[in-house]
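Here is the structure we will look at.
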Amino acid sequence: MAQLELAASSKTFRPEGSKLSQQNEQEFIKVRVEKTASLRQKGIDPYPTSYKRTHTSRQAEEVFEVAEKKNEEFTETIKVAGRIMGRRGMGKASFIDLSDTDGRIQVMMRSNVLDEDYEILDDLDIGDWIGAEGTLFRTRTGQITLQVATFSILCKSLRPLPEKWHGLTDVETRFRQRYLDLISNEDAIKTAKDRSLLVSTIRQFMTKKGFIEVETPMLVPIAAGGMAHPFTTHHNALNRDLYLRIATELHLKRLVVGGIEKVFEIGRVFRNEGVDLQHNPEFTTLESYEAFSDYNDVMSMVEQLVSTAAITLNGSETVRYGEEELDFSPPWPRIDLREKIIQVSGIDFFEHPEVDSLKTAMRAADIDVSQQVSWSGLLDKLISDKVEPTLVQPCFLVNYPVAMSPLAKKSPADDRIAERFEGFVCGMEICNAFTELNDPIDQRARFEEQEMLRQEFQNEEMDRLDEDFLVAIEHGMPPTGGLGIGIDRLAMLLTDNSSIREVILFPQLRSDRTEG
RNA sequence: GGGCCGGUAGCUCAGUUGGCAGAGCAUCGGACUUUUAAUCCGAGUGUCGUGAGUUCGAAUCUCACCCGGCUCACCA
């Protein structure tokens, strides 16, 4: 317990008025380090090992209200703990706002109750963590408040928090020092929690359907399973270059070959490409593979999954996103890709099987094709420019050209078309799925085609031939429906965020001067 | 990568025609035993993103660079 004389002597640690003239960030810290020393002088450990609270802020409020409803006086002694977010000193009484995991609670410290311990308040600052024990009452203004009998400091902070009223708005600081964002902005913490809830909802949904969750390598010898520029790395002991995976697809399909008929992975993939509102170099995907299913089965699963997530996060299948009111309730419209392209641009890709012909048609439709060289690159651009912006409400574009779908099975009805679909919401692609190609001869031919195209068009990413994967499916993969969902984008849609950086706790940013 | 906008105190922001660097919160000193953006009295905030240049004089004008935002291109 603190001694008055020690408390008095601690004043000598304080800078006198004249020394305050240099106050800046370092001075803030210096003052707080001195307060830390002052606490130690009083025999108080500013960094104790634990504190056993009995109630969170919300639990305390609830238990008090229950007693009130029964017209009982609340006499129970409880313990709460949290970070000091505000303090209002009244001389011989002080009100302190504590913030904890599920809310805030006000605690009241009175000098006649705490005696000499009241002096310890001199060494507390906004940002410090404390635990407080006492009983609950309502103040004159009706605020449920803990009347503190004893309290402990749990952690002394050395840096000031952002301002209490405006909080932290600087976007760069919000992303670089996310903890400050989480402390200051309720939206930030809500988005973080909602994303977590989304992922656990997806996991439960898949598990309930009998899917087995697995983890596959992130360090891979060939970055296959998608069209993207990979990150390169090197393993010293093995003395080999490796890549960070760009997709989980080919490993998961190996597992289907192995007899895991329903398998999924939620994990990070890495693409060494541009960064913008919808792209972060590392992002999270759900990929799933289900034997004896085709892309139609996968479509119904996606509708169910996303509408379930919408209900879990927002309590409704209808979700507000910016100006839009999105309705995720199944079924989502199935829109034939070829028909849709014809409708919005007049271009029928069946009539333009050659690069030059398609390019000419697109140029005639006033599309900038200066950056594209391959047929699939051109068609992708056509879809991005003309079709995607029209897809606001959740829908599926179905039946893609085989030429741009090297891992998808051809339609039995037309060998130019693959049984593939992509899901779109607000013009944003949220998933890509197909009836998996399990004919190993065809798959090898498609990979070889991709390798050839990469040689021809060095600027465009193509899928890569993965011999090990081909050997796997040569052992026989049953008919399989596969799916990839961008979790980050789904999180954006369900948390009403227009930037992927808002749903990733630590998004990739350029280096700044504070980095080593 | 291109275009546009921005970077001033720990935080939120002003800063006029180029003429001593400002406010609120936070901090520090003092008063105050039911406050809650507490209040009242008093005090100090600083690499004006960085570096050059123009000028008697630059937060302000010019150039280069760094970081961020939006946007276009590319990608998912």
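If you check G24(B) for Watson-Crick or wobble pairing at under 3.5 angstrom, you find it paired to C11(B). Searching all strands for a Watson-Crick or G-U wobble partner of U39(B) with both distances below 3.5 Å returns A31(B). Nucleotide G44(B) is matched to nothing when pairs are restricted to Watson-Crick or G-U wobble geometry with both distances under 3.5 angstrom. Of the nucleotides present, none pairs with U17(B) by Watson-Crick or G-U wobble criteria with both distances under 3.5 Å. In this structure C63(B) sits in a base pair with G51(B), meeting the Watson-Crick or G-U test at under 3.5 Å. Both distances falling under 3.5 Å, in either a Watson-Crick or a G-U wobble arrangement, place G1(B) opposite C72(B).
Within 4.0 Å of Phe175(A), counting heavy atoms only, lie sugar-phosphate atoms of the nucleic acid but no base atom. Counting any heavy atom pair closer than 4.0 Å across all strands shown, Gly86(A) reaches no nucleic acid atom. No engagement by Ser184(A) is indicated, since no non-hydrogen atom pair under 4.0 Å with the nucleic acid exists. Using a 4.0 Å heavy-atom cutoff across all strands shown, Arg159(A) reaches no nucleic acid atom at all. Residue Arg32(A) is classed as having no contact, given no heavy-atom separation below 4.0 Å to the nucleic acid. Contact annotation for Gln143(A): base contact, defined as any heavy-atom pair under 4.0 Å involving a base atom. Backbone-only engagement by Asp170(A) is indicated by non-hydrogen atom pairs under 4.0 Å involving sugar-phosphate atoms exclusively.
Phosphate proximity of A38(B) to Arg87(A): absent, as no side-chain N or O sits under 4.0 Å from OP1 or OP2. One finds no side-chain N or O of Lys92(A) lying less than 4.0 angstrom from the OP1 or OP2 phosphate oxygen of A31(B). Look at Gln372(A) and you'll find a side-chain N or O under 4.0 angstrom from OP1 or OP2 of C74(B). Between Lys164(A) and C11(B), a side-chain N or O to OP1/OP2 separation shorter than 4.0 Å is absent. An OP1 or OP2 oxygen of C67(B) is reached within less than 4.0 angstrom by a side-chain nitrogen or oxygen of Arg510(A).
With rounding to whole Å, Asp385(A) atom CG is found 11 Å from C72(B) atom P. For the pair Ile96(A) CD1 and U35(B) P, the interatomic distance rounds to 16 Å; values are reported in whole Å. When the C1' atom of C28(B) is taken as reference, atom CG of Leu124(A) falls 16 Å away, rounded to whole Å. Here U12(B) presents its P atom at 11 Å from CG of Asp181(A), a figure rounded to the nearest Å. Between the CZ atom of Phe270(A) and the P atom of A76(B) there is a distance of 18 Å, given to the nearest Å.
Rounded to the nearest Å, the gap between the P atom of U54(B) and that of A59(B) is 16 Å. A gap of 10 Å separates the P atoms of G44(B) and A23(B), to the nearest Å. Comparing the same atom, P, in U33(B) and in C48(B) gives a spacing of 44 Å after rounding to whole Å. Between U71(B) and G19(B), the two P atoms lie 36 Å apart (nearest whole Å). Comparing the same atom, C1', in G57(B) and in A21(B) gives a spacing of 15 Å after rounding to whole Å. Rounded to a whole angstrom, the distance from the C1' atom of C11(B) to that of A26(B) is 7 Å. Rounded to a whole angstrom, the distance from the C1' atom of G49(B) to that of U34(B) is 47 Å. Of the C1' atoms belonging to A58(B) and C20(B), the separation is 14 Å, rounded to the nearest Å.
In this structure, Arg420(A) satisfies the cation-pi test against Tyr400(A), with its NZ or CZ atom closer than 6.0 Å to the six-membered ring centre and inside 45 degrees of the ring normal.
Here the side chain of Asp276(A) is nearest to one of C74(B), U34(B), A76(B), namely C74(B). Listed nucleotides: U27(B), C67(B), U34(B). Nearest to the side chain of Glu172(A): C67(B). Distances from the side chain of Val31(A) to the nucleotides U12(B), C28(B), U34(B) place C28(B) closest. Of the candidate nucleotides C25(B), U35(B), G68(B), G68(B) has the atom lying nearest to any side-chain atom of Leu509(A). Proximity note for Met227(A) (side chain, C-beta onward) versus A76(B), U35(B), A26(B): the nearest is A76(B). Residue Phe28(A) has its side chain nearest to A26(B) when only U33(B), G69(B), A26(B) are considered. In the set U33(B), C70(B), A76(B), C70(B) carries the atom at the smallest distance from any side-chain atom of Leu277(A). Comparing A37(B), C11(B), C70(B) by their closest approach to the side chain of Trp165(A) singles out A37(B).
Below the 3.5 angstrom threshold, one finds a donor paired with an acceptor across the side chain of Arg88(A) and the base of U35(B). Judged by distance alone with a 3.5 Å cut-off, no donor-acceptor contact links the side chain of Glu27(A) to the base of U27(B). Side-chain atoms of Thr169(A) stay outside donor-acceptor range of the base of U12(B), with no qualifying N/O pair under 3.5 Å.
For Phe64(A) and Phe74(A), the ring centers are positioned less than 6.0 Å apart.
The CZ atom of Phe231(A) lies 13.0 Å from the CG atom of Leu219(A); values are rounded to the nearest 0.5 Å.
Between Trp375(A) and Phe349(A), the ring planes are perpendicular. Angles over 60° get that label, and only those under 30° would be called parallel.
Not counting sequence neighbours, Thr285(A) has no partner by the side-chain hydrogen bond (donor to acceptor under 3.5 Å, both in side chains) test.
Between Gln106(A) and Arg88(A), the closest heavy-atom pair is OE1-NH2, 2.7 Å.
Between the side chains of Arg32(A) and Ser157(A), at least one donor N or O lies within less than 3.5 Å of an accepting N or O.
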